[in-house]
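Heads up: the structure comes next, in structure tokens.
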Amino acid sequence: QMQLVESGGGLVQAGGSLRLSCAASGRTLSSYTMGWFRQAPGKEREFVAAISWSGGRTYYADFVKARFTIARDNAKNTVYLQMNSLKPEDTAVYYCAARRLTSIATDTADYDYWGQGTQVTVSS
């Protein structure tokens, strides 16, 4: 089993930045595709970004392109989400997830392990 723990969330003003981290234990991250998702109150969980096992490929939801950057450090067993130019509509609980297969996926059903989430609140 793999355990994922997110950190780095908090309250930030619009236009600000946050960096989320997702630390894995139990298994090494290096062979997993990793993704970030978010869920706002009353809404379904949605895809934000994903990164291949090597870090060579990334994919983003249209609404975060050029603002968010996903990265990974396999030596530290950690994945990051750098979020810049935050907007109030980015307010949500952010989750990281791990996928055994090497292809990048955007559907929650395609991921095998999930963290508990970290709250991000962006004030206007």
Side-chain angles (χ1 to χ4, degrees):
Q1 283 288 349
M2 175 186 287
Q3 291 78 43
L4 301 172
V5 178
E6 303 94 336
S7 62
L11 173 64
V12 64
Q13 288 188 333
S17 298
L18 283 174
R19 188 176 81 153
L20 306 183
S21 298
C22 172
S25 62
R27 295 191 179 184
T28 178
L29 273 183
S30 60
S31 60
Y32 288 79
T33 299
M34 298 300 295
W36 284 96
F37 291 76
R38 70 185 187 185
Q39 188 166 17
K43 295 187 176 181
E44 293 188 351
R45 195 169 298 189
E46 63 180 354
F47 171 78
V48 175
I51 187 166
S52 63
W53 67 272
S54 66
R57 288 179 292 128
T58 57
Y59 187 76
Y60 297 92
D62 287 342
F63 56 79
V64 302
K65 283 181 180 177
R67 297 191 299 126
F68 292 8
T69 303
I70 188 171
R72 67 191 298 158
D73 185 337
N74 287 339
K76 294 183 178 180
N77 236 24
T78 301
V79 178
Y80 306 96
L81 185 67
Q82 177 66 44
M83 306 187 295
N84 299 327
S85 303
L86 283 162
K87 306 174 182 180
E89 51 264 43
D90 293 319
T91 295
V93 177
Y94 283 71
Y95 299 88
C96 73
R99 169 175 163 81
R100 293 191 190 95
L101 299 180
T102 57
S103 56
I104 284 184
T106 62
D107 195 311
T108 56
D110 293 324
Y111 286 79
D112 304 290
Y113 300 102
W114 291 86
Q116 293 299 306
T118 185
Q119 176 71 48
V120 171
T121 304
V122 184
S123 64
S124 56

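All values below come from the heavy atoms of this structure, side chains included, with hydrogens, waters and symmetry mates left out.
Following chains of ILVMFWY side-chain contacts shorter than 4.5 Å, one can reach Y59 starting from Y111, so the two form part of one hydrophobic cluster. Criterion: ILVMFWY side-chain heavy atoms under 4.5 Å apart, direct or through other members. Under it, L101 and F37 are not part of a common hydrophobic cluster. Under the 4.5 Å side-chain heavy-atom criterion for ILVMFWY residues, no single connected hydrophobic cluster contains both V5 and L81. Using a 4.5 Å cut-off between side-chain heavy atoms of Ile, Leu, Val, Met, Phe, Trp and Tyr, with links allowed through other members, F63 and I104 fall into different hydrophobic clusters.
In this structure the side chain of L18 reaches within 4.5 angstrom of the side chain of L86, judged on heavy atoms. With contacts defined as side-chain heavy-atom distances shorter than 4.5 Å, the pair L4/C22 qualifies. Residues E6 and W36 form a side-chain contact, since some pair of their non-hydrogen atoms from C-beta on lies under 4.5 Å apart. Proximity of V120 to M83: side-chain heavy atoms (C-beta onward) are separated by under 4.5 Å at one or more points. With contacts defined as side-chain heavy-atom distances shorter than 4.5 Å, the pair T28/N74 does not qualify. Looking only at side-chain heavy atoms (C-beta outward), I70 and V79 come within less than 4.5 Å of each other.
Side chain to side chain, Y32 and R27 meet the donor-acceptor criterion of an N or O pair below 3.5 Å. Between R38 and Y94, the side chains place a donor N or O and an acceptor N or O closer than 3.5 Å (distance only, hydrogens not considered). Side chains of S17 and N84: a donor-acceptor N/O pair is present below 3.5 angstrom, by distance only.
Nearest approach of S85 to R67, heavy atoms of both residues: O-NH1, 3.0 Å. Nearest heavy atoms, T33 versus T102: OG1-O, 3.2 Å.
Interatomic distance, OH of Y60 versus CD1 of I51, reported as 7.0 Å (0.5 Å rounding). Taking OG of S7 as the reference point, atom CG of L20 lies at 8.0 Å (rounded to 0.5 Å). D110 CG to S103 OG: the interatomic distance, rounded to the nearest 0.5 Å, is 7.5 Å. Atom OG of S31 and atom CZ of R99 lie 13.0 Å apart (nearest 0.5 Å). Between atom CG of residue N77 and atom CE of residue M2 there is a gap of 7.0 Å, rounded to the nearest 0.5 Å.
Put simply, the side chain of R57 never gets that close to the backbone of W53: no donor and acceptor are under 3.5 Å apart. Panel note: side chain R72, backbone L29; a donor-acceptor pair is recorded below 3.5 Å. The backbone N or O of K76 lies less than 3.5 Å from a partner atom in the side chain of T78, making a donor-acceptor pair.
The stretch residues 115-124 participates, sequence neighbours left out, in these side-chain hydrogen bond (donor to acceptor under 3.5 Å, both in side chains) pairs: Q119-T121.
Taking the ring axis of Y80 as reference, the NZ or CZ atom of R19 stays within 45° of it and closer than 6.0 Å to the ring centre.
In this structure, W114 and Y95 have perpendicular ring planes: the angle between them is above 60°, well past the 30° mark.
Under the 4.0 Å criterion applied to side-chain N and carboxylate O atoms, R100 and D112 are assigned as salt-bridge partners.
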